[in-house]
Amino acid sequence: MLRIRLYVVLNLSMCVLLFSCANIVAPTGGPRDEKAPTIKKRSLIDSAVNFKGGTIHFEFDEFVQLRDIQNQFIITPLVKTNPKITAHKKRVSIQIDDSLLEKNTTYTISMGNAIQDLKEGNPYKNLSFTFSTGSYFDSLSLHGNVIEANTGKPDTTSVVMLYLAGLPDSAFFREKPMYVQKVEGGNFFFKNLPNKEFAIYALKDLNSNLRYDLATERIAFIDKKVNAADSIPVTLYSFTEEEKTDTGKKRKTLIKPTTQDTKSTLSTDKKIVGRLNYSINADTVNKTKRTFDINDSLSFRFDRTMKVLDVTKIRIFQDDVLDASATIRLDSTQKIILVNTQWTEDALYKVILLKGFAQDSSGLQANAGEFYFKTKRKSDYGFLTVQCKKEESDMVELLRNEKVIARKNATDTTIIFPLLIPDNYQVRLLHDKNKNGKWDTGSFFDEKKQPEWVELFPAQISIKANWENKIDLKASFTKKPLLKK
C-alpha cells in the first residue's frame, strides 16, 4: 500500500512539473529605446567647397525614415525646386542637380528633426551642413528679433525672409525670398551670408508658400536695406493690415459664425417662455461682506435682447439715500443694463427694480426685485506707481488677464494706478504717434506705413492689498525700432 501511495505522489509531481513547463510566459520588454540614430558615414564632409551638384548620402547605424520632410527641410539660399530626398534602410540621400545651384555661393541645408529611427521614431535632431559651389565661404551673419507691434510680445510664429536689394516691392508677394529663417522665441539668426544688401521682411506664412498673399497673414518690414557686414541687430514689428485685397486668388466674403453667446441665447429662448431671466454681477447673498469692486459698473445681464428700458423704475440707494447721480443705460448688445456712479467705499447699497423696468420685443417684462450688496474698502486694494519718460504721445497701459483695464497718457514722469484688485498685472507702453488714444496698424502696399508699436514690461507685477508697488519703465525700455535711415 505504501508503494502504491508513493507511486501516485510521484506521478502527480511529474504532471505538475510538466504542466508548469508547458505554460511558457513571454519575456517582459526592456526599457523603451530612446537613443537617436547616429551617422556612421557621409559622402560629403561639412563645409565642403567646389561642390558641383550630385547626390549626398548619409549612412546611419539603424534603419531610418523621413517624417514631415516638407516642413522640416530648408535650403538657403532657396532654390527653384527642392532637392529629391529619400530614405532607404539605413541611408538618407539628397539629390541636388547642378542646375539648381548658383556659382560661388554658400548653401546651408537643414533637415530639422525629419530623420527618425524606424522603430521608435527617435529623431536625429537638427541635422545641418554647409557647402560652397566656389572656393570660399560666405561668412557674414545677421540677427535680430520680431515683436508683435500691438502687444509687445515676441512673435514666435513668423519666418524672416531676405530678398536681394533692388527688387520691386511686389517680389514680397510674387516671388520666394533668397534666404529664409524661422524665428525661435522671437529671435532669428542668418549665417553664411554674402556681403550684399537685402530687403528684410517677416511673414506669418499661413499657407506655407513663402509669399505674402493672404489678408490674414502677419507681416513686418523696415524701410531701409540691411547688410550683414554692418553687424547691426534688426528689430521687426509685425502686424496685420486692416484692409488689403488678396494678391493671390480673389478672396471670397465669408460669413462669420455665430458666437457661442448667440447660440446659447437662441436655445434659452426656446426653453423659457413667459419669463425674462437676468443675473447681477454683485454678491447679493451676504450684504455684510465687502465684495463689490468700486471701479466696476453694476450690471444686469439678460438671456435675450431688450427692447424697452425704463430707467425710472431702477433705483439705487446708499444707506437708504437715493443716488440720483447714477447713470443707467443698455449696452451695445441690448442684453446688459449698466449702472454707473461714484461708488462709496465700504457702503451698503440697495437696488430696487420695479415691475416692467425692462421688456423684450415680444412684450415680456422682467420681474421686480430688491437686492443688497456692499462695496470694498480702499484698504482692500493696492496701487502701482510707474516711472516713465514724459512723452505726451505715449500711453501707459495696465493689463490684467491679457486685457487692458486702464490707460493713462505719459504727461508726467510719474503715473499712478490706484484701487487695483490684488492680482498679477502687466504694464506696457503704447507709442501713440497720431495721439488718437488707440493702437493703429501699418500698411505695406498703399503707404509703406509702419504700425504703432508697443513695449511690454518684461516682468509680471504683483499687487497686494493696502500695498504700493513701483516699476521704472525708463530703465527697462531701451530698444528702439530700426525703421528708417
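If you're wondering where the values come from, they're calculated on a predicted model, not measured in any experiment.
If you look at Tyr201 and Tyr163, their ring centroids are closer than 6.0 Å.
A tilted orientation is assigned to the rings of Phe58 and Phe129, their planes being inclined by 30° to 60°.
Under the 3.5 Å distance criterion, with hydrogens and angles disregarded, no donor-acceptor pair is assigned to the side chains of Thr414 and Asp412. No hydrogens or angles considered: a donor-acceptor pair under 3.5 Å links the side chains of Ser238 and Asp155.
Pairs engaging residues 390-410 under the ring pair (Phe, Tyr, Trp, His ring centres under 6.0 Å) rule: none recorded [sequence neighbours left out]. Note on residues 64-111: pairs passing ring pair (Phe, Tyr, Trp, His ring centres under 6.0 Å), not counting sequence neighbours, are Tyr107-Phe131. Counting only residues at least two apart or on different chains, no ring pair (Phe, Tyr, Trp, His ring centres under 6.0 Å) pair has a member in residues 388-429. Under the side-chain hydrogen bond (donor to acceptor under 3.5 Å, both in side chains) criterion, the residue pairs touching residues 49-63 are Thr38-Asp61, His57-Ser93, Glu59-Arg91, with sequence neighbours excluded.
For Tyr381, the ring-ring contact (aromatic ring centres under 6.0 Å, His included) criterion is met by no residue, not counting sequence neighbours. Residues meeting the salt bridge (Lys or Arg N to Asp or Glu O under 4.0 Å) test with Glu120, sequence neighbours left out: Arg32. For Arg428, the side chain to side chain contact (heavy atoms under 4.5 Å, CB included) partners are Thr151, Glu397, Leu399, Val404, Val454, Leu456, not counting sequence neighbours. Not counting sequence neighbours, the partners of Tyr278 by the ring-ring contact (aromatic ring centres under 6.0 Å, His included) test are Phe302, Phe357. Residues passing the ring-ring contact (aromatic ring centres under 6.0 Å, His included) test with Tyr124 are Phe60, sequence neighbours excluded. Judged as a side chain to side chain contact (heavy atoms under 4.5 Å, CB included), and not counting sequence neighbours, the contacts of Thr413 are Lys390. Residues satisfying the side chain to side chain contact (heavy atoms under 4.5 Å, CB included) criterion with Ala229, sequence neighbours excluded, are Leu140, Asn195, Asn227. The ring-ring contact (aromatic ring centres under 6.0 Å, His included) test applied to Trp439 returns no partner, not counting sequence neighbours.
Looking at Asp440 and Lys433, no side-chain N of the basic residue comes within less than 4.0 Å of a carboxylate O on the acidic one, giving no salt bridge.
A distance-only check finds no donor-acceptor pair linking the side chain of Asn281 to the backbone of Leu298 [under 3.5 Å].
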